[in-house]
Amino acid sequence: MNKIAGLFIAISSFMAGQQQMSLLDCEEAFQKNNLQLLAEQYNINMADADILQAKIWELPQLSGQINAYNPEGKKAFDIGHAKGAEITQLIYMGGKKKNEIAFAKSNKELAQLQFSQLLVDLRTQLHTGYFNLYYEKLKLDNTNKQLGYMNDLLSAYRAQSAKGNVSLKDEVRLQSLVIQLNNDKLGINKNILEFEQNLKVLTGISDDIEPQLSDADAKEILAAQPFGDEDELKKKALENNSDYQYFLKLIDNSKLYAQWQKSLNIPDLNVGAGWDQNGGTFKNEVNLMVGIPLPLWKSNQGNVEKANYAIQQNQKNADYQKLNLETKVQSAYKTWKSQYDQLAEIKTTDLSNMELVYDGMLKNFRKGNVNLIEFTDFMDSYRQTALQIYDMKNEIMQSAEQLNQLIQTKIFY
């Protein structure tokens, strides 16, 4: 009874460190907990603060004057007979504030596009990591199944070899296959640890994630095909890719900046009113004051030229990004298509036959109908083929995710 209780506690402890999660569960945790995403959101908040700041005018300035020394009365600080005050306000001319606000709003749009691109990139990492983990777990199960049988077989051969009933050569042949399987398992476990670590960072979940994906759902994902041909996918990418849209928006942003810099060449007005007790023509004189810099030269011409060069630079960058995006879509589509076609050549019946032959080889070897050389050759071939098929399926999903990352709209139906 104590052993059963102990086993139950051990199983419960193991399961407590794991969470079975669907891809949708992982996405929800990702959007709620991902620290990179939460940090990037503050750039949008800061852009809102910049818009608020751009709307604020310079404060009015109040100044005053009092007498320091009255030479006639020989009195210092004769405040009763001589004092004055004035207040001035800077008035922006040439649409400076309007242009500054428009530029700040454009910066917010850029921040939103950067956030959208980061969201896409991190979600792609989440999906690819999830599918990587799913197929590595399947590979581990398959490898453990083979190892279980081969270890039992090796133990039996060791016992018979010690008695002289079988040759040491046969034992070594089996040992070689077991070593290969253990080496596969070591590599698979290393990959699993890496993928689990990445998923923890992306989702903010400290437990190991156990992918909850049925065979039927996996087959449905593998069977999905993109809507439209290569040209249609390129068109959709140009319309929806946040990274490319960022560079297009950057052109508009640099034009707004140039317009703002041009308006800074227009002089601003200083308007104010002043009161003087005795210093003017009249007692208690109230005066209107207007001041403006003399526009003898364009004081901001260098920044204007720099802004115009930025427009041209951003245009070239956008042209490059367009070419780069179209090329990536073309390459990703061809990669997906070749992998999809390659897997399609392997019929479901072929996979079923492979498992039937595997089971048949095990039974026939036990009955003595298959010799050890034939058996180990088949097992080694089966080991490699099983791993390759899992990798082929995973690569299709990875290629599909790359297409989704580039095109950023629903394309698989």
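This chain uses plain numbering: 1 for the first residue, then up along the sequence. As a basis for the values below, the full set of heavy atoms in this structure was taken, side chains included, without hydrogen atoms, waters or symmetry mates.
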Fill in: Exercise: do D319 and Q315 side chains pair donor with acceptor under 3.5 Å
yes

Discussion item. Less than 4.5 Å apart, side chain to side chain, heavy atoms only: is that true for M21 and P211?
Written reply: no

Discussion item. Main chain of R173, side chain of S176: is a donor-acceptor contact present, judged purely on distance under 3.5 Å?
Written reply: no

Item to complete: Scan side-chain atoms only and decide if T124 and E401 contain a donor-acceptor pair under the 3.5 Å cut-off.
Response: no

Worksheet entry | Note, N265 side chain near Q301 side chain (heavy atom, < 4.5 Å) | yes

Worksheet item: Under 3.5 Å, is there a donor-acceptor pair between the side chain of S381 and the main chain of D377?
Response: no

Worksheet entry | Heavy-atom closest contact (S399 atom, T335 atom, distance) | OG-CG2, 3.7 Å

Worksheet item: Charged N to carboxylate O under 4.0 angstrom, E210 versus K137?
Response: yes

Discussion item. Taking A29's backbone N and O only, do any of them form a donor-acceptor pair with N33's side chain (distance below 3.5 Å, no angle check)?
Written reply: yes

Fill in: Minimum heavy-atom distance A332-Q402, with the two atoms named
CB-CD, 4.1 Å

Item to complete: Please answer whether the main-chain N or O of L213 pairs with a side-chain N or O of D217 as donor and acceptor at a distance below 3.5 Å.
Response: no

Practice prompt. Look at E232 together with K235 and state whether they make a salt bridge at an N to O cut-off of under 4.0 Å.
Written response: no

Worksheet entry | N/O donor-acceptor pair under 3.5 Å between N183 side chain and I179 backbone | no

Worksheet item: More than 12 foreign heavy atoms under 6.0 Å from NZ of K96: is that the case here?
Response: yes

Worksheet item: Under 3.5 Å, is there a donor-acceptor pair between the side chain of K108 and the main chain of I51?
Response: no

Item to complete: Give the C-alpha distance, both sets of side-chain angles, the deciding distance and a yes or no for side-chain hydrogen bond (donor to acceptor under 3.5 Å, both in side chains) between Q212 and S22.
Response: CA-CA 5 Å; Q212 195 174 32; S22 67; 5.1 Å; no

Discussion item. Return the CD1 to CD distance between I44 and Q41, rounded to the nearest 0.5 Å.
Written reply: 4.5 Å

Practice prompt. Verify, without hydrogens or angle tests, whether N34 (side chain) and L202 (backbone) share a donor-acceptor contact under 3.5 angstrom.
Written response: yes

Discussion item. I want to check something: taking the side chain as every heavy atom from C-beta on, are M361 and Y358 in contact at a cut-off of under 4.5 Å?
Written reply: no

Fill in: Steps toward side chain to side chain contact (heavy atoms under 4.5 Å, CB included) verdict (S161, D170)
CA-CA 9 Å; S161 176; D170 291 341; over 6 Å; no

Worksheet item: With no hydrogens and no angle check, do the side chains of Q225 and Y340 hold a donor and an acceptor under 3.5 Å apart?
Response: yes

Worksheet item: Do N107 and D50 get their side chains close enough for a donor-acceptor pair, meaning under 3.5 Å?
Response: no

Worksheet item: Do D243 and Q114 meet the criterion of a side-chain donor-acceptor pair at a distance under 3.5 Å?
Response: no

Worksheet item: So with a 6.0 Å cut-off around CD of E58, is the heavy-atom count from everything else above 12?
Response: no

Item to complete: Check the pair T376, L174 against side chain to side chain contact (heavy atoms under 4.5 Å, CB included), reporting the backbone distance first and the verdict last.
Response: CA-CA 7 Å; T376 53; L174 286 174; 3.9 Å; yes

Response to the item:
Looking only at heavy atoms, the pair that brings I188 and E136 closest together is CG2-O, 3.3 Å

Item to complete: Evaluate whether atom CG of L35 has more than 12 neighbouring non-hydrogen atoms of other residues, nucleotides or ligands under 6.0 angstrom away.
Response: no

Worksheet item: Under the 6.0 Å and 45° cation-pi test, does K139 pair with Y390?
Response: no

Practice prompt. Show your reasoning for whether salt bridge (Lys or Arg N to Asp or Glu O under 4.0 Å) applies to K200 and D208.
Written response: CA-CA 7 Å; K200 287 177 184 179; D208 292 337; 2.8 Å; yes

Practice prompt. Please tell me if the side chains of L250 and L110 come closer than 4.5 Å, counting only heavy atoms from C-beta onward.
Written response: yes

Worksheet item: Sub-3.5 Å donor-acceptor pair from the side chain of N300 to the main-chain atoms of Q261, do we have one?
Response: yes

Item to complete: Could you tell me whether the side chains of H127 and Q398 share a donor-acceptor contact shorter than 3.5 Å?
Response: no

Worksheet item: Is there side-chain contact between E230 and K334, with at least one heavy-atom pair below 4.5 Å?
Response: yes

Discussion item. If you count heavy atoms of other groups shown closer than 6.0 angstrom to NZ of K322, is the number above 12?
Written reply: no

Worksheet entry | Q146 and its side chain to side chain donor-acceptor pair (under 3.5 Å) partner, picked from T143, N144, N142 | N142

Fill in: N371 side chain reached by F365 side chain, heavy atoms, under 4.5 Å
no

Worksheet item: Which residue, Q384, R383, Q175, forms the side-chain contact (heavy atoms from CB on, under 4.5 Å) with Q180?
Response: R383

Worksheet entry | Test item: side-chain donor near acceptor, Y382 and E355, under 3.5 Å | yes

Worksheet item: Does a donor on one side chain sit under 3.5 Å from an acceptor on the other, for D121 and Q405?
Response: yes

Discussion item. Looking at every heavy atom in both Y244 and L238, which two are closest together, and how far apart are they?
Written reply: CD2-O, 3.5 Å

Worksheet item: Taking side chain as C-beta onward, heavy atoms only, is K98 less than 4.5 Å from Y92?
Response: no

Discussion item. Quiz question: by atom type and distance under 3.5 Å, do the side chains of N324 and T327 form a donor-acceptor pair?
Written reply: no

Discussion item. Quick check on W57: does its CH2 atom have over 12 non-hydrogen neighbours (other residues, nucleotides or ligands) under 6.0 Å away?
Written reply: yes

Discussion item. Between E326 and K234 (salt bridge meaning N to carboxylate O under 4.0 Å), is one present in this structure?
Written reply: no

Worksheet item: Has K328 got more than 12 heavy atoms of other residues, nucleotides or ligands less than 6.0 Å from its NZ?
Response: no

Discussion item. I'd like to know if the side chain of Q408 pairs up with that of Q117 as donor and acceptor (distance under 3.5 Å, no hydrogens or angles considered).
Written reply: yes

Worksheet item: Can a salt bridge be assigned to the pair D341 and K337 using a cut-off of 4.0 Å between side-chain N and carboxylate O?
Response: yes

Worksheet item: Under 3.5 Å, is there a donor-acceptor pair linking the side chains of E40 and N43?
Response: yes

Practice prompt. Assess whether side chain to side chain contact (heavy atoms under 4.5 Å, CB included) is satisfied between I407 and N241, documenting all intermediate values.
Written response: CA-CA 6 Å; I407 299 171; N241 184 277; over 6 Å; no

Discussion item. Under 3.5 Å, is there a donor on one side chain and an acceptor on the other for N132 and N394?
Written reply: yes

Fill in: Q125/N198 under side chain to side chain contact (heavy atoms under 4.5 Å, CB included): CA gap, chis, key distance, verdict
CA-CA 9 Å; Q125 292 180 31; N198 291 337; over 6 Å; no

Item to complete: Count the heavy atoms of every other residue, nucleotide or ligand shown that sit under 6.0 Å from OH of Y149, and state whether that count exceeds 12.
Response: yes

Fill in: Euclidean distance, Y42 OH relative to D48 CG, rounded to 0.5 Å
13.5 Å

Worksheet item: For T203 and L126, which heavy atoms make the closest approach, and how far apart are they?
Response: CG2-CD1, 3.7 Å

Worksheet item: Is N240 reaching over with its side chain to a backbone N or O of K236, donor-acceptor style, under 3.5 angstrom?
Response: yes

Practice prompt. For residues I266 and M93, report the shortest heavy-atom separation together with the two atoms involved.
Written response: CG2-CB, 4.1 Å

Worksheet item: Between N253 and S106, do the side chains contain an N or O donor and an N or O acceptor separated by less than 3.5 Å?
Response: yes

Discussion item. Could you tell me if the side chain of M150 sits less than 4.5 Å from the side chain of L181, heavy atoms only?
Written reply: yes

Worksheet item: Hey, does the side chain of K97 reach the backbone of I56 with a donor-acceptor pair shorter than 3.5 angstrom?
Response: yes

